[in-house]
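To find a chain, count down the sequence lines: A is the first, B the second, and so on, and within it residues start at 1.
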Protein chains: 2
Amino acid sequence: MKNTVEFRSICPVATSLDIIGDKWTLLILRDMIWGHKTLFNEFQQSPESMPSKMLANRLKKLEELGFVSKRKGNLNKKSVYYLLEKRGLDTFPIMVEMAIFSSKHFFDHLGTTYTKEARTTMKTDRQGYISELVTNYKKFKRNLVI
Amino acid sequence: MKNTVEFRSICPVATSLDIIGDKWTLLILRDMIWGHKTLFNEFQQSPESMPSKMLANRLKKLEELGFVSKRKGNLNKKSVYYLLEKRGLDTFPIMVEMAIFSSKHFFDHLGTTYTKEARTTMKTDRQGYISELVTNYKKFKRNLVI
DNA sequence: TTTTTTTAGTTTCATTTAGAAACTTATATT
DNA sequence: AATATAAGTTTCTAAATGAAACTAAAAAAA
């Protein structure tokens, strides 16, 4: 098992794909940003049912790359909290573009209900939407009692 | 080998990952948009050296999904031209965000030279940058003699 | 016209990665 | 003391990747 990222070229798109180009990595960050999830078993509850082996593997990689940090609970010593760092938050614009793309082109497959206005907000005030969610996350992180 | 995309959930981010969440798919689209590449062997020349099996597999998938179209050459009957359709062009904003992300966070790895001003243009006039490249591609496609 | 080259793939096979499921270890709760 | 919970790890099978050799049709060269 490899533990360092291999860069295939100096292309910025390829470089991003070398890091986040798989089916699971971004879903963890999605759950952190949109769902304020922090615990291993919270990530497991997501509708995509990430296998625990994959989850452990990707959390480790995300930590090594400085996307997230890991904190052992003080109150409950069995809990391990994963929190977003700046680098992790900076993947958010990529995910927003992904959301805009798939709700435009794969609309049928996504639930009509939540797609309609969510997409409108993202498109009409993309930067504002991003900023607000980032601000919210930071507040959540500040107030979190571990 | 599977030939239909399986959607794991109705999350718009997950849905995009189900389609473009791998190390090769977007690189083909990158070469089409930025490099105006159209032929099988042109894609093979890219610095990431995509294996021909992967390339054939991904081109087929991209065609099935309506991201690209395939045209047999008139002039040279042995050439097969791959061209971007609207759906393929619409992945461009995702790639731009990827480029902004990796040139910000993995600067050391990318060549200093081309990173500096390319990133400035993308950030300061993101929408303009996107529109121009899309316009350029459309012009290229219109004028292409097959 | 025969030979060689080019283009666009396909096939084969070894290696790597993914994923399901059962298991483990430390801590917490009853 | 017994049971449950959280966060993983291990094991094993299936699927995807990738290197390399191969193929078929068309074009160019000899």
Side-chain angles (χ1 to χ4, degrees), chain A residues 1-9 14 17-28 31-32 37-64 68-83 144 146, chain B residues 1-9 14 17-28 31-32 37-64 68-83 145-146:
Chain A
M1 212 183 289
K2 205 166 289 156
N3 66 334
T4 45
V5 179
E6 300 256 317
F7 294 113
R8 290 170 295 174
S9 72
L17 290 170
D18 290 336
I19 297 160
I20 56 158
D22 72 275
K23 303 227 180 296
W24 296 117
T25 305
L26 282 181
L27 294 189
I28 296 173
D31 286 346
M32 296 176 96
K37 294 188 179 180
T38 54
L39 303 170
F40 197 92
N41 70 67
E42 288 179 321
F43 298 118
Q44 285 186 296
Q45 308 306 313
S46 294
E48 296 86 8
S49 314
M50 179 165 0
S52 63
K53 192 180 107 177
M54 291 294 105
L55 178 55
N57 174 299
R58 296 304 195 277
L59 282 170
K60 193 181 163 206
K61 194 189 73 180
L62 284 169
E63 201 207 347
E64 286 169 354
V68 308
S69 61
K70 193 176 178 176
R71 290 193 213 161
K72 310 221 162 194
N74 298 321
L75 217 134
N76 188 328
K77 282 175 189 293
K78 161 175 84 159
S79 297
V80 177
Y81 294 85
Y82 290 95
L83 296 165
L144 183 70
I146 280 175
Chain B
M1 213 182 289
K2 205 167 290 158
N3 66 333
T4 46
V5 179
E6 301 258 316
F7 294 113
R8 291 170 294 175
S9 72
L17 290 171
D18 290 336
I19 297 161
I20 56 158
D22 71 273
K23 304 229 180 295
W24 297 117
T25 304
L26 283 181
L27 294 189
I28 296 172
D31 285 347
M32 296 176 97
K37 293 188 180 181
T38 54
L39 303 169
F40 198 90
N41 69 65
E42 288 178 320
F43 298 117
Q44 286 187 296
Q45 307 307 314
S46 295
E48 296 86 8
S49 315
M50 181 166 0
S52 63
K53 192 180 109 176
M54 291 294 104
L55 178 55
N57 175 298
R58 295 305 195 276
L59 282 170
K60 192 181 165 208
K61 194 189 73 181
L62 284 169
E63 200 207 347
E64 285 169 355
V68 309
S69 60
K70 193 176 177 176
R71 290 194 212 159
K72 310 220 164 195
N74 299 321
L75 218 135
N76 187 328
K77 282 174 188 294
K78 153 177 89 157
S79 296
V80 177
Y81 293 85
Y82 290 96
L83 295 165
V145 179
I146 280 177

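Considering only the side chain of B/L39, C/dA8 comes nearest among C/dA8, D/dA20, D/dA27. Checking D/dA7, C/dG9, D/dC12 against every side-chain atom of A/F40, the shortest atom distance belongs to D/dA7. Residue A/N41 has its side chain nearest to D/dA6 when only D/dA21, D/dA6, D/dT9 are considered. Distance from the side chain of B/K53 is smallest for C/dT11 among the nucleotides C/dT11, D/dG8, C/dA20. When distances are taken from the side chain of A/S52 to each of C/dC13, C/dA22, C/dA18, the shortest belongs to C/dA22. Comparing D/dA27, C/dT7, C/dT10 by their closest approach to the side chain of B/K77 singles out D/dA27.
Taking every heavy atom of both residues into account, B/K23 and A/D18 meet most closely at NZ-O, 3.6 Å. Between B/W24 and B/P51, the closest heavy-atom pair is CZ2-CD, 3.9 Å.
Shown here are the side chain to side chain contact (heavy atoms under 4.5 Å, CB included) partners of B/S9, two or more places apart in sequence or in another chain: A/P47, A/E48, B/C11, B/A14.
Side-chain to base pairing of B/K78 with C/dT6: one donor and one acceptor N or O lie within less than 3.5 Å of each other.
At the phosphate of C/dT7, neither OP1 nor OP2 sits under 4.0 Å from any side-chain N or O atom of B/Y82. Not one side-chain nitrogen or oxygen of A/K60 sits closer than 4.0 Å to the OP1 or OP2 atom of D/dT9.
One interatomic measurement links the two molecules: NZ of A/K72 to C1' of C/dA26, which rounds to 10 Å at whole-angstrom precision. Straight-line distance from the CG atom of A/D22 to the C1' atom of D/dT17: 14 Å, rounded to whole Å. A/Q44 places its CD atom 14 Å from the P atom of D/dT5, with the value rounded to the nearest Å. For A/K23 and D/dA16, the NZ to P distance is 10 Å, given to the nearest whole Å. Atoms CE (A/M54) and P (C/dT17) sit 10 Å apart, rounded to a whole Å. Between the CG atom of A/L55 and the C1' atom of C/dA20 there is a distance of 15 Å, given to the nearest Å. Separating the CG atom of B/N57 from the C1' atom of D/dT17 is a distance of 10 Å, rounded to the nearest angstrom.
In this structure, the separation between CG on A/L62 and CG on A/N57 is 9.5 Å, given to the nearest 0.5 Å.
Panel note: side chain B/K61, backbone B/I19; a donor-acceptor pair is recorded below 3.5 Å.
Between A/R58 and B/Y81, the one whose closest nucleotide on DNA chain C sits nearer the 5' end is B/Y81. Heavy-atom nearest nucleotides on DNA chain D were determined for A/N76 and for A/A56, and the one closer to the 5' end corresponds to A/N76.
Here B/F43 lies out of heavy-atom contact (under 4.0 Å) with every strand.
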